[in-house]
Amino acid sequence: MRGKMTAWNLYESIRGILQQNGIESAQLEAWEIAAKAAEVDRRNAAVWRQTEVTPSQRKNAGEMLIQRLRGKPVAYIIGEWDFYGYTFHVTNDVLIPRSDTECLCDAAIREAKKRENPKVLDLCCGSGCIGIALAKNVPQASVVGVDISAKALEVARENAERHGLDKARYMTQWGDVRRMHNISGVYDILVCNPPYITAEEMEQLDPGVKEFEPHLALFGGEDGLDFYRILSKRYAGKLNPGACILVECGWKQARDIMALFHLGGLVEIGMEKDLAGIQRVVHAYVPANSSEIKEQ
Ligand code: GLN
């Protein structure tokens, strides 16, 4: 396009190119790319027709478009993504927050609201999106986010600061959930969206996921259940009596996880569907009299 170009024009032309290339969510993605390149508020569409883009902004948009057409997910291109009404910084060291996971976050917030000054442990925290959204919604909660990736923890820390949470509200701690040697404290709520993709599913991931997202955050062992086994065996004993464990799971894993939790001595075990109708969350409680649950 020659002459003047507004952010709106930029959006339209990007959308057209994405559509021509068969990108399904062209509209949303064009909006994100144009907003980032033209530095306009993506939530305030009213300014888009009045904001003129500079040649260098146009060039940036072009570069982003090229990356998109090479398959890179738009969240990694623009470096941020929305989850639970908050915008999170993301890099390719963390998974892109999924809307499926909002249902886990919802359930954890509901649990946290029932308790006084709840101490929350977010294992495999990645970008920190679950624990941070929880801390924002439950002002008395304090959250510890644990991850095996130091780079992911940097992202989580940055997100906590971005959302005004000091270290008393949201702390990061490095740890290998499978070894659990250095996780300190006693908790009321354990929330975890672990890697749960099976060996077979790893082969069939969408190209955008397979090529760009961290496999460390996806692969949950041969049957995808490695982390749930560890959670039920080793973590229940680290929680307060009556504490709640909430996990996200793959589309056909909920029943197996319920069985594992049952074997681990947890009680009041249940599952919850996501918006697509898939059993996505399993929750369970440490018995109020939990002396019988010891680290196994
Ligand atoms: N839901 C993610 C996916 O299908 C996987 C997330 C995870 O393993 N925790 O790509």
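Atoms within each ligand, like the ligands themselves, are counted from 1 in listed order.
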Indicate whether the side chain of Tyr196 and that of Gln253 have a donor and an acceptor atom separated by less than 3.5 Å. no
Listed by chain and number, what are the salt bridge (charged side-chain N to carboxylate O under 4.0 Å, His left out) partners of Glu161, not counting sequence neighbours? Arg157
Would you say the side-chain atoms of Tyr84 and Asp106 include a donor-acceptor pair closer than 3.5 Å? yes
Which N or O atoms of ligand 1 sit under 3.5 Å from a protein N or O, and how far apart is each pair?
| from | atom 1 | to | atom 2 | distance (Å) |
| --- | --- | --- | --- | --- |
| ligand 1 | 1 (N) | Tyr196 | OH | 3.0 |
| ligand 1 | 8 (O) | Tyr196 | N | 3.1 |
| ligand 1 | 9 (N) | Asn193 | OD1 | 2.9 |
| ligand 1 | 9 (N) | Pro194 | O | 2.7 |
| ligand 1 | 10 (O) | Arg98 | NH2 | 2.7 |

Just by distance, no angles: are the side chains of Gln67 and Tyr76 close enough, under 3.5 Å, to form a donor-acceptor pair? no
Decide if the gap between the ring center of His163 and the ring center of Phe88 is smaller than 6.0 angstrom. yes
Suppose we call two aromatic rings close when their centres sit under 6.0 Å apart. Are Trp31 and Tyr11 close by that rule? yes
